[in-house]
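Labels below follow one simple rule: chain letters A, B, ... track the order of the sequence lines, proteins then strands, and each chain is numbered from 1.
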Amino acid sequence: MNIASLAIKSFRNRKLSVGLAIASIALSVALLLGVEILRSEAKSSFASTVSGTDLIVGARGGSVNLLLYSVFRIGNPTNNIDWHSYEDISALPGVKWSIPLSMGDTHAGFRVVGTDDNYFEHYRYARDRHLELQQGAWFGNEDEDEIVLGAEVADSLRYQPGDKIIVAHGAGDESFIKHDDEPFRVVGILAATGTPVDRSLYVSLAGFDHMHEAWQTSEDGHVHDPLAATASAADHTEEEQHAEDEQHDEEYSISVFLLGLESRAAAIGLQRRINQFEHEPLSAILPGVALLELWEIVGLVEHTLRAISIFVVIVGLSSMLIILITSINERRREMAILRALGARPGHVFGLILGEAIAITLSGIGLGILLVCAIFMLGQGWIASRFGLFIELNLLTPNLVYGLLLITLTGCLIGLIPGIRMYRYSLVDGMTIRI
Amino acid sequence: MPEHIISLNRLRFAWHGQPKPLLDIDSFDVMRGERLFVRGASGSGKSTLLGLVAGVLTPLSGTIEVLDQRLNEMTAAERDHFRAHHFGIIFQQFNLIPYLSVIENVTLPCQFSDQRRRKSISRSGNQRDEALRLLEHLDMADSSVIHKPVTELSVGQQQRVAAARALIGSPEILIADEPTSSMDADRRAAFIELLFRECEETGSTLLFVSHDQGLREPFDRAIEFDQLNRAASGSQPIDRSSDRITS
């Protein structure tokens, strides 16, 4: 039997208190890791949502808002864009492709997006990956009753190609105003991307506008739905109405459009030009810059979360200190016996410090297992509830430094009871004087 | 001329923060192979004296020589090594480690002393067999007992385990600090007889401390601690030869 096995047997003898110390560190480490993984995964998930788009153009407004509603389907457009503006800008030299997007309707809480085949052809996510169809086909630009579903929409609502879908007006989970006079037919289902694309439904711009025209007015020109008057006043400005009235064939009302350029270097110049567009006030944003602005906004929450988890780790380590300190009086007799048998104060110090290190390392190990188990079991739920596809990567520099710091702090904390016991072992002699 | 194994001169000791010394011993010698009985009241400082002799505590002044080596001149680490090699200690409450088995308790001193480990191996082949040999001498070698946690042993069995632990590796000096205080008269006598037998076999010197006057009879020599310690009696040191009962 050596000192290490003596320490292990002593551990076993105090299963409850040692177990509690390990559990408190494990829980705090799991929280720290969980927050850190969620934070970095949310960041990379956001960053991978849009790729290859050089400019996003919408009605004049804040860049973060524009980014959120155009790419992440969070929030609503402030105003619509005139079709002529879209055509003029798309025709500017240096513009390689453009994707128009119409928004404002939902189905079972999922956003409905009006767009054209450019979306399927040019939209990129996660470092230049194309959209793919897992079933069926993309709708034709002129097809007014066809709809393509994101993977998650089809999965959670169990839709198949051929199913009929009623779209509701507005962006909430529940809507009282439904376009039930214009059902859509599912023609395709996109492959999963791990981005908000999965949580959207796609119709042609023609279908999107036809749905609104048919719903807003009956054949005699009167409002078909009594609630529509209120909804229309709230959701459509006079300018929009005017634009809609003047709309001819292939002139659609759109909320935002994405631009891909021949050269990324031209983005700044084109952005300036669009921001000074004469026909109507527009905002053009660089997605990367807007993402950075978004991180600045969420930075405070991020720092707060991190601070909370660091405090929880401190509490976890403190509980270990408390347990070790309170066990010292119980163990003075044990240490006095060992001293009498020839153990040196260094042995006594090493036993206590070793115990603190073992508790810290066990706590960290258990915490890692816990967080792995939670994310493995909860991966599906997190993906469906928050749209976050968690990749468990514990070897990021942040996490490795964090865990090393906790280990080091655990060792330093172990010095306190270690030194205390060392001093006792020097003054207690072979019998304890308490 | 008999050889001194322990020799104390002009020794003074006080606990930290205490104004008066607890121990003030002018001179105290123990001969090699001697079985010495020191009697003193509880709290008089007997255990502190044992702590000083074993090198766990250090005096304010004076010298402590054990096996011709001055403990005062050793570093703390050297004293720890010295104690591990040369002392076997039996405590009042036996002080076995509760989470270790009988065998593990007995072999524990070998963990801290190469010398005692080597002696055990040279005598029985390995530490475990030496522990079993000692336990057998003490009627404790039953396999149902040796792997039991010591907390499940009777008081009598615990004494014998404590004795085996002190004796393993044949230390030159055996210190016993009130080891019989919780025993009845029959058990006390049997235990002392056992210690004497083991000391005889290994040639160990026995320094036995107790408050019980009735135990002094079988020892080579007996002294009153209060007469030895001037701090307690306020008197001059006594003539050691007057305390000798048997020679």
4.5 Å side-chain heavy-atom contact, B:Y99 and A:R14: no
Chain A contact via B:R165 - side chain, backbone, both or neither, heavy atoms under 4.5 Å: side chain
Note, A:L341 side chain near B:I89 side chain (heavy atom, < 4.5 Å): no
Exceeds 12 heavy-atom contacts within 6.0 angstrom, atom CZ of B:R123: yes
Whether over 12 other heavy atoms sit under 6.0 Å from B:E136 CD: no
Sub-4.5 Å side-chain heavy-atom contact between A:L338 and B:I97: yes
Pairwise side-chain contact, B:Q111 with A:L6, heavy-atom cut-off 4.5 Å (strictly under): no
